[in-house]
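Following: one structure in structure tokens, then a few remarks.
Sequential numbering from 1 along the given sequence is applied to the chain's residues. These numbers were taken from a predicted model, which means no experiment stands behind them.
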Amino acid sequence: MKIKACLFDLDGVLVDTAIYHFKAWKQLANSLGFDFTEEQNEQLKGISRMESLDRILNWGNLQKSDEEKVALATQKNEWYVAMIEQMTPTEVLNGTVDFLTSIKNAGYRIALGSASKNSAIILQRTNLAHFFDAIVDGNLVNKSKPDPEVFLKGAELLGMQAQECLVFEDAIAGIEAANRAGMRSVGIGSPEVLTEATIVVKDLSRLSVAHLHQMDEL
């Protein structure tokens, strides 16, 4: 079926906010008396804030009440937001603006499908917001990837069938969510990692509208 819409994850696909998540989680872990590594941070890709906190507390061998967890997650988010509010368009990943411009001009509908609850701030600070016809983020959905909710909601808001949507993701959980939604996917990253994606590229600079036409038949 012909692809008519593109659904993008945010972190690691359009912009790189991973460093800010890492710094904020590390600051939280350090405040609780233990360290947090970049390797551990990689394991948090694509999952929700509360799930991330549970993993970090587990790594630190700490038990917290639900109320304490909410307070800790809120603190981490405040540190994170303070960092991303300083973001600029220079932090948009290679090829992003050119690719979004080309598919917008070619008539594709564009939506965001991200677990982030701060996506609006990031899109605004990086001058990407005007490309999107719909934004689905952690404020609109309850279930984290690999649950397909975020992408199915995106298709719904765009008025598209799942088979007409192409997902762009850098995380294994995101590719699984796309597959479960019945959508084709472009993995951004390593083919050895994103084995379940329809195709895999290093970044959006490797793609053009012609590639999307080729994927109509996949």
Side-chain angles (χ1 to χ4, degrees), residues 1-18 20-21 25 41-56 66 69-70 73-74 76-77 80-81 84 96 100 103 108-124 128-129 131-189 193-200 204 212 215 218:
M1 184 176 286
K2 182 176 172 61
I3 293 167
K4 297 180 180 178
C6 297
L7 278 59
F8 292 86
D9 179 44
L10 181 60
D11 299 346
V13 175
L14 304 177
V15 298
D16 189 5
T17 58
Y20 302 119
H21 281 297
W25 283 127
N41 189 61
E42 284 296 308
Q43 297 180 47
L44 305 184
K45 270 190 175 181
I47 66 175
S48 72
R49 190 184 306 160
M50 295 310 294
E51 286 181 69
S52 296
L53 177 62
D54 283 339
R55 291 196 187 193
I56 289 169
D66 288 345
K69 287 180 182 179
V70 169
T74 300
K76 180 267 176 181
N77 191 56
Y80 172 71
V81 170
I84 63 172
T96 295
L100 289 175
I103 62 173
Y108 288 91
R109 300 277 283 165
I110 304 174
L112 189 77
S114 170
S116 172
K117 291 188 175 182
N118 301 298
S119 60
I121 298 172
I122 296 168
L123 292 178
Q124 188 177 34
L128 294 178
F131 287 111
F132 292 87
D133 300 300
I135 293 176
V136 183
D137 60 17
N139 299 299
L140 271 187
V141 295
N142 299 314
K143 297 172 184 174
S144 298
K145 303 166 188 175
D147 190 282
E149 181 186 20
V150 66
F151 295 135
L152 292 173
K153 184 70 174 176
E156 178 189 335
L157 292 179
L158 294 178
M160 297 289 171
Q161 298 178 48
Q163 301 95 315
E164 297 174 311
C165 298
L166 179 63
V167 169
F168 296 77
E169 264 285 355
D170 73 319
I172 294 171
I175 297 296
E176 184 179 341
N179 290 339
R180 289 171 63 180
M183 300 176 182
R184 283 161 284 184
S185 60
V186 175
I188 306 295
V193 175
L194 303 173
T195 56
E196 299 302 312
T198 310
I199 67 167
V200 180
L204 295 178
L212 301 196
M215 292 190 71
L218 298 178

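Using a 4.5 Å heavy-atom cutoff, the side chains of I175 and I172 are not in contact. Side-chain contact between L100 and F8: present, with at least one pair of heavy atoms (C-beta onward) separated by less than 4.5 Å. Here the side chains of D9 and I188 are not in contact, with every heavy-atom distance at 4.5 Å or above. Counting heavy atoms from C-beta on, the side chains of L10 and L112 come closer than 4.5 Å. You'll find the side chain of N77 reaches within 4.5 Å of the side chain of R49, heavy atoms only. Considering only heavy atoms from C-beta on, E176 stays 4.5 Å or farther from E196 through its side chain. Counting heavy atoms from C-beta outward, F151 and C165 have side chains that stay 4.5 Å or more apart. Residues E164 and M1 have side chains in contact (heavy-atom distance under 4.5 Å, counting atoms from C-beta outward).
Heavy-atom minimum distance, L194 versus A171: CD2-C, 3.8 Å. When all heavy atoms are compared, the tightest approach of V150 to K145 is CG1-CE, 3.6 Å. Across all non-hydrogen atoms, the minimal contact from N41 to A18 is ND2-O, 3.9 Å. Of all the heavy atoms in L7 and L158, the pair that sits closest is CD1-CD1, 4.0 Å. The two residues V141 and K153 have their closest heavy-atom pair at CG1-CB, 4.3 Å. In terms of heavy-atom proximity, M183 sits nearest to A162 at CG-O, 3.2 Å.
Taken from OG in S114 to CG in N139, the straight-line distance is 10.0 Å, to the nearest 0.5 Å. Between the OG atom of S116 and the CD1 atom of I122 there is a distance of 4.5 Å, given to the nearest 0.5 Å. Remark: L212 CG to Y108 OH distance equals 4.5 Å, nearest 0.5 Å. We find the OG-CD1 distance between S144 and I47 to be 7.5 Å, quoted to the nearest 0.5 Å. Rounding to the nearest 0.5 Å gives a distance of 9.5 Å between CG of D11 and CD of E169. Going from atom CG of N118 over to atom CD1 of I84 covers 4.5 Å, rounded to the nearest 0.5 Å.
E149 places a side-chain N or O within 3.5 Å of a backbone atom of K143 that can act as its donor or acceptor partner. Side-chain atoms of S185 do not come within 3.5 Å of backbone N or O of G187 as any donor-acceptor pair. Without hydrogens or angle criteria, R184 side chain to Q163 main chain gives a donor-acceptor distance under 3.5 Å. In terms of modelled atom types and a separation under 3.5 Å, the side chain of R55 and the main chain of Q43 share a donor-acceptor contact. For R180 (side chain) and P146 (main-chain N/O), a donor-acceptor pair under 3.5 Å exists by modelled atom type. With hydrogens and angles ignored, the 3.5 Å screen pairs no side-chain donor or acceptor of D137 with any backbone N or O of K117.
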Next item on the list: List the steps, then state whether side chain to side chain contact (heavy atoms under 4.5 Å, CB included) holds for L218 with I199.
Entry: CA-CA 10 Å; L218 298 178; I199 67 167; 4.2 Å; yes

Note to self: Pair L14, L204 - check side chain to side chain contact (heavy atoms under 4.5 Å, CB included), show working.
What the structure shows: CA-CA 8 Å; L14 304 177; L204 295 178; 3.9 Å; yes

Notebook entry, point to check: Does the side chain to side chain contact (heavy atoms under 4.5 Å, CB included) test come out yes or no for L166 and T198, once each step is laid out?
Noted result: CA-CA 10 Å; L166 179 63; T198 310; 5.6 Å; no

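No close placement of the Y20 and Y80 rings is indicated, their centers lying 6.0 Å or farther apart.
N142 and D147 form no side-chain donor-acceptor contact under 3.5 Å, judged by distance and modelled atom types alone.
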